[in-house]
Protein chains: 2
Amino acid sequence: MDDVFKALADPTRRELLDRLHDQGGQTLNQLCSGLDVTRQGVSKHLLQLEQAHLVVTLWRGREKRHYLNPVPIYEIATRWINKFERGRLDGLQSLKNDLEDCSDDSDSTKSTNSSLT
Amino acid sequence: MDDVFKALADPTRRELLDRLHDQGGQTLNQLCSGLDVTRQGVSKHLLQLEQAHLVVTLWRGREKRHYLNPVPIYEIATRWINKFERGRLDGLQSLKNDLEDCSDDSDSTKSTNSSLT
DNA sequence: TACATATGCAACTATTTGGTTGCATAATAC
DNA sequence: GTATTATGCAACCAAATAGTTGCATATGTA
């Protein structure tokens with residue numbers, strides 16, 4: 001489980017998960033495009049995602065297809081969110097806003113939905 | 001959002017979240033007991049959890065009470081899990097087991113539910 | 001007041017981590 | 001067979017991180 005949290009702690013790896021969530025089965029070279037990291041850099045990130053079981057792979061000839069596995073993320077949610085809380089949170093955008101507003105944060109200007117990195 | 005993932009990436013901080021999920025309103029010194037880290041170490045961890053909005057605090061005299069905030073964790077789940085997938089996953093322990101079984105992991109003996117760290 | 005309790009801040013260190021370059025291996029195309 | 005494409009492995013480096021020690025501040029209590 002430690003591998004899952006470590007894997008999610010990097011913005012490049014989260015970007016890769018976003019792309020695989022958008023379209024599964026992409027290869028390493030496909031996933032490299034647009035990222036300002038070398039191919040080997042991306043390769044190492046994908047390896048970490050694999051070891052965390054967040055990404056499952058399938059060899060097709062010389063190509064390695066990558067797919068997102070949502071199970072570990074689901075386990076994170078169920079760890080700290082009770083069933084009844086999940087029910088409440090599902091509809092309560094207001095609660096989120098309330099917690100944001102009353103926080104003594106330095107820059108309370110930024111909205112919550114802006115720029116997931 | 002980056003702060004949330006970084007905060008969750010450390011086992012000590014996850015242990016703190018577990019304790020606050022178990023009982024809210026604990027102080028720094030209460031949370032120190034049992035952890036093999038100094039008070040200042042725990043303090044720095046709690047500060048990171050605060051900045052990630054995973055923990056909300058409330059001053060009571062000279063005591064600082066700590067409470068868990070589940071909202072950021074809920075947002076993680078909704079990022080990579082589609083609504084229909086959430087519905088399926090809710091009842092499908094079997095899917096999780098299947099994915100574990102067919103994984104090419106070195107030590108496939110360990111069960112999924114054992115020892116969240 | 002004097003003392004104990006509860007927390008915060010700053011400097012320093014060892015380890016981890018993200019990224020690189022260079023070379024090796026394997027499958028497809030000509 | 002030769003060239004090209006797709007990926008993997010190892011060594012190296014700079015930056016971030018977890019942890020420490022020491023001191024400062026503020027709130028209760030005798």
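By convention in this document, chain letters (A, B, ...) are assigned in the order of the sequence lines, proteins followed by strands, and residues within each chain are numbered from 1.
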Upstream residue (5' side of DNA chain C) when R60(A) and G41(A) are each assigned their closest nucleotide: G41(A)
Has the side chain of R62(A) got a donor or acceptor atom sitting under 3.5 Å from an opposite partner on the base of dT5(D)? yes
Rounded to whole angstroms, how far apart are CZ on R39(A) and C1' on dA6(D)? 7 Å
With a non-hydrogen cut-off below 4.0 angstrom, is G61(A) in contact with a base, only sugar-phosphate, or nothing? sugar-phosphate
L28(B) CG to dC9(C) P, straight-line distance once rounded to whole Å: 12 Å
How about R13(B) and Q48(B): does a side-chain donor come under 3.5 Å of a side-chain acceptor? yes
Inspect the contact between E15(B) and R19(B) and indicate whether a charged nitrogen and a carboxylate oxygen are less than 4.0 angstrom apart. yes
Which of these, L16(B), N29(B), L47(B), T12(B), sits in a side chain to side chain contact (heavy atoms under 4.5 Å, CB included) with V42(B)? L16(B)
Do the side-chain N or O atoms of N29(B) get closer than 4.0 angstrom to the phosphate oxygens (OP1, OP2) of dT7(C)? yes
Taking only the side-chain nitrogens and oxygens of K64(B), find out if one of them lies under 4.0 Å from OP1 or OP2 of dG8(C). yes
Between atom CG in L16(A) and atom C1' in dG18(C), what is the gap in whole Å? 13 Å
In whole Å, I'd like the distance from the CG atom of D36(A) to the P atom of dT20(C). 8 Å
Respond yes when some side-chain nitrogen or oxygen of R13(B) is under 4.0 Å from OP1 or OP2 of dA18(D), and no when none is. yes
At less than 4.0 Å, is any side-chain N or O atom of T38(A) found next to OP1 or OP2 of dG19(C)? Yes or no. no
Which one, dT20(C), dA18(D), dC23(D), comes nearest to the side chain of V37(A)? dT20(C)
Rounded off to whole Å, could you give me the CG-to-P distance for the D10(A) and dG19(C) pair? 6 Å
Does dA18(D) have OP1 or OP2 sitting under 4.0 Å from an N or O in the side chain of Q48(B)? yes
Can you check the K6(B) NZ to dT16(C) P distance for me, whole Å? 18 Å
CZ of F5(B) versus P of dG18(C): gap in Å, rounded? 15 Å
Main chain of H53(A), side chain of N69(A): is a donor-acceptor contact present, judged purely on distance under 3.5 Å? yes
Ignoring backbone atoms, test whether H45(B) places a side-chain nitrogen or oxygen under 4.0 Å from the OP1 or OP2 oxygen of dG19(D). yes
Rounded interatomic separation in angstrom, taking CD from Q40(A) and P from dC9(D): 12 Å
Could you check if a side-chain atom of L31(B) sits within less than 4.5 angstrom of a side-chain atom of L28(B), using non-hydrogen atoms only? no
Which of dG19(D), dC9(C), dT7(C) is nearest the side chain of K44(B)? It is dG19(D)
